[in-house]
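Right, one structure below, let's go through it.
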Amino acid sequence: QTGAEALAILRDGTPVQVALIDGFLPDMHGMRLARAIVDDGLAQPVALCFVTGGISQSSSPEAGVAVLSKPMRLKELLAMVGDLLRWRDGAGSPPDERRAALERFELAFVAGP
(Lines give C-alpha, C1' and ligand atoms only; values in the text may rest on other atoms or scores of the structure.)
Protein backbone atom coordinates (compact mmCIF):
# COMPACT_ATOMS: atom_id res chain seq x y z
CA GLN A 1 0.00 0.00 0.00
CA THR A 2 0.92 3.62 -0.27
CA GLY A 3 1.27 6.03 2.62
CA ALA A 4 -1.86 7.88 1.47
CA GLU A 5 -3.85 4.62 1.52
CA ALA A 6 -2.59 3.81 5.01
CA LEU A 7 -3.64 7.25 6.29
CA ALA A 8 -7.08 6.86 4.71
CA ILE A 9 -7.57 3.53 6.52
CA LEU A 10 -6.58 5.07 9.84
CA ARG A 11 -8.73 8.14 9.35
CA ASP A 12 -11.86 6.17 8.40
CA GLY A 13 -11.96 4.67 11.87
CA THR A 14 -10.61 1.21 11.08
CA PRO A 15 -9.11 -0.01 14.37
CA VAL A 16 -5.34 -0.37 14.04
CA GLN A 17 -3.15 -1.17 17.01
CA VAL A 18 0.26 -1.51 15.35
CA ALA A 19 1.32 -0.13 11.96
CA LEU A 20 4.24 -1.85 10.24
CA ILE A 21 5.82 0.77 8.00
CA ASP A 22 8.37 0.22 5.26
CA GLY A 23 10.95 2.95 5.23
CA PHE A 24 10.48 3.67 1.55
CA LEU A 25 6.88 3.67 0.30
CA PRO A 26 5.84 4.29 -3.32
CA ASP A 27 4.49 7.76 -2.57
CA MET A 28 6.38 8.92 0.50
CA HIS A 29 9.15 8.14 2.96
CA GLY A 30 7.98 5.96 5.84
CA MET A 31 9.10 8.64 8.30
CA ARG A 32 6.65 11.09 6.74
CA LEU A 33 3.84 8.56 7.19
CA ALA A 34 4.85 7.94 10.82
CA ARG A 35 4.84 11.68 11.56
CA ALA A 36 1.40 12.03 10.00
CA ILE A 37 0.08 9.19 12.17
CA VAL A 38 1.49 10.73 15.36
CA ASP A 39 0.31 14.23 14.42
CA ASP A 40 -3.16 13.09 13.33
CA GLY A 41 -4.49 12.94 16.90
CA LEU A 42 -6.26 9.61 16.48
CA ALA A 43 -8.44 8.63 19.45
CA GLN A 44 -6.30 5.56 20.15
CA PRO A 45 -2.54 5.79 19.72
CA VAL A 46 -1.14 3.57 16.99
CA ALA A 47 2.15 1.85 17.77
CA LEU A 48 4.65 2.18 14.91
CA CYS A 49 7.29 -0.24 13.73
CA PHE A 50 9.54 0.49 10.78
CA VAL A 51 10.32 -2.75 8.95
CA THR A 52 13.07 -1.66 6.63
CA GLY A 53 16.47 -2.24 5.13
CA GLY A 54 16.99 1.51 5.39
CA ILE A 55 18.22 1.21 8.99
CA SER A 56 21.02 -1.24 9.68
CA GLN A 57 20.10 -2.23 13.24
CA SER A 58 16.84 -3.08 14.95
CA SER A 59 15.92 -0.91 17.93
CA SER A 60 13.76 -1.52 20.96
CA PRO A 61 10.50 0.39 21.22
CA GLU A 62 10.73 4.00 22.33
CA ALA A 63 7.48 5.88 23.00
CA GLY A 64 5.58 3.37 20.88
CA VAL A 65 8.03 3.54 17.95
CA ALA A 66 10.44 0.74 16.99
CA VAL A 67 12.62 -0.49 14.13
CA LEU A 68 13.11 -3.98 12.74
CA SER A 69 15.91 -4.16 10.22
CA LYS A 70 15.48 -6.45 7.20
CA PRO A 71 16.07 -9.29 6.94
CA MET A 72 14.37 -10.36 10.13
CA ARG A 73 12.90 -13.49 11.59
CA LEU A 74 9.25 -14.10 12.38
CA LYS A 75 10.17 -14.58 16.04
CA GLU A 76 11.65 -11.05 16.11
CA LEU A 77 8.55 -9.57 14.48
CA LEU A 78 6.19 -11.29 16.91
CA ALA A 79 8.25 -10.19 19.92
CA MET A 80 8.34 -6.58 18.69
CA VAL A 81 4.60 -6.50 18.02
CA GLY A 82 4.04 -7.90 21.53
CA ASP A 83 6.19 -5.14 23.04
CA LEU A 84 4.33 -2.47 21.07
CA LEU A 85 0.93 -3.85 22.07
CA ARG A 86 1.98 -3.73 25.72
CA TRP A 87 3.00 -0.08 25.24
CA ARG A 88 -0.34 0.70 23.60
CA ASP A 89 -2.36 -1.09 26.27
CA GLY A 90 -0.38 0.65 29.01
CA ALA A 91 0.00 4.34 29.57
CA GLY A 92 1.26 5.07 26.05
CA SER A 93 3.36 8.20 25.49
CA PRO A 94 2.53 11.84 24.82
CA PRO A 95 2.88 13.04 21.20
CA ASP A 96 5.99 15.12 21.94
CA GLU A 97 7.84 12.02 23.23
CA ARG A 98 6.74 10.11 20.14
CA ARG A 99 7.98 12.90 17.86
CA ALA A 100 11.34 12.90 19.68
CA ALA A 101 11.64 9.12 19.17
CA LEU A 102 10.87 9.55 15.46
CA GLU A 103 13.60 12.19 15.20
CA ARG A 104 16.15 9.84 16.77
CA PHE A 105 15.20 7.01 14.42
CA GLU A 106 15.26 9.35 11.41
CA LEU A 107 18.96 9.94 11.96
CA ALA A 108 19.62 6.21 11.47
CA PHE A 109 17.98 6.00 8.01
CA VAL A 110 20.43 5.64 5.14
CA ALA A 111 18.25 8.02 3.08
CA GLY A 112 16.16 10.75 4.62
CA PRO A 113 12.60 11.82 3.94
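Computed from a predicted model, the values in this text were never measured in an experiment.
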**Asked** Do Met80 and Val18 come within less than 4.5 Å of each other through their side chains, counting heavy atoms only?
**Response** no
**Message:** With a 4.5 Å cut-off on side-chain heavy-atom distances among I, L, V, M, F, W and Y, is there a chain of contacts connecting Leu85 to Leu20?
**Reply:** yes
**Prompt:** With the 4.5 Å side-chain cut-off for hydrophobic clustering, are Phe105 and Val81 part of the same group?
**Reply:** no
**Spacing of Glu106 atom CD and Glu103 atom CD [to the nearest 0.5 Å]** = 7.5 Å
**Asked** So, the side chain of Arg98 versus the backbone of Ser93: is there a donor-acceptor pair under 3.5 Å, distance only?
**Response** no
**Message:** Return the CZ to CG distance between Arg73 and Leu78, rounded to the nearest 0.5 Å.
**Reply:** 13.5 Å
**Asked** Would Leu33 and Leu25 satisfy side chain to side chain contact (heavy atoms under 4.5 Å, CB included), going step by step from the backbone distance to the final call?
**Response** CA-CA 9 Å; Leu33 172 59; Leu25 300 167; 3.6 Å; yes
**Request:** Search all heavy atoms of Ser58 against all heavy atoms of Ser69 and return the closest pair with its distance.
**Result:** OG-N, 2.9 Å
**Polar side-chain atom of Glu97 near backbone of Pro94 as donor-acceptor pair, under 3.5 Å** = no
**Residue pair Val38 / Leu48, side-chain heavy-atom distance below 4.5 Å** = yes
**Request:** Return the minimal non-hydrogen interatomic distance between Leu84 and Cys49, and the atom names on each side.
**Result:** CD1-CB, 3.6 Å
**Request:** Answer yes or no: is there a side-chain heavy-atom contact under 4.5 Å between Leu10 and Val46?
**Result:** yes
**Pairing of Asp96 and Arg99 as salt bridge, 4.0 angstrom limit** = no
**Prompt:** Any ion pair linking Asp22 and Lys70 (charged N to carboxylate O, less than 4.0 Å)?
**Reply:** yes
**Request:** Flag yes if Trp87 and Ile37 sit in one hydrophobic cluster, no otherwise; membership is Ile, Leu, Val, Met, Phe, Trp, Tyr, and two members link when side-chain heavy atoms are under 4.5 Å apart.
**Result:** no
**Path from Leu68 to Leu102 over hydrophobic side-chain contacts below 4.5 Å** = no
**Complete:** Separation between CE (Met31) and NE2 (His29), nearest 0.5 Å, reads 6.5 Å
**Message:** Taking the side chain as everything from C-beta on, heavy atoms only, tell me whether Pro61 gets closer than 4.5 Å to Asp83.
**Reply:** yes
**Request:** Would you kindly confirm whether Val16 and Phe50 end up in one hydrophobic cluster when ILVMFWY residues are joined by side chain heavy atoms under 4.5 Å apart?
**Result:** yes
**Donor-acceptor pair, side chain of Ser59 and main chain of Ala66, under 3.5 angstrom** = no
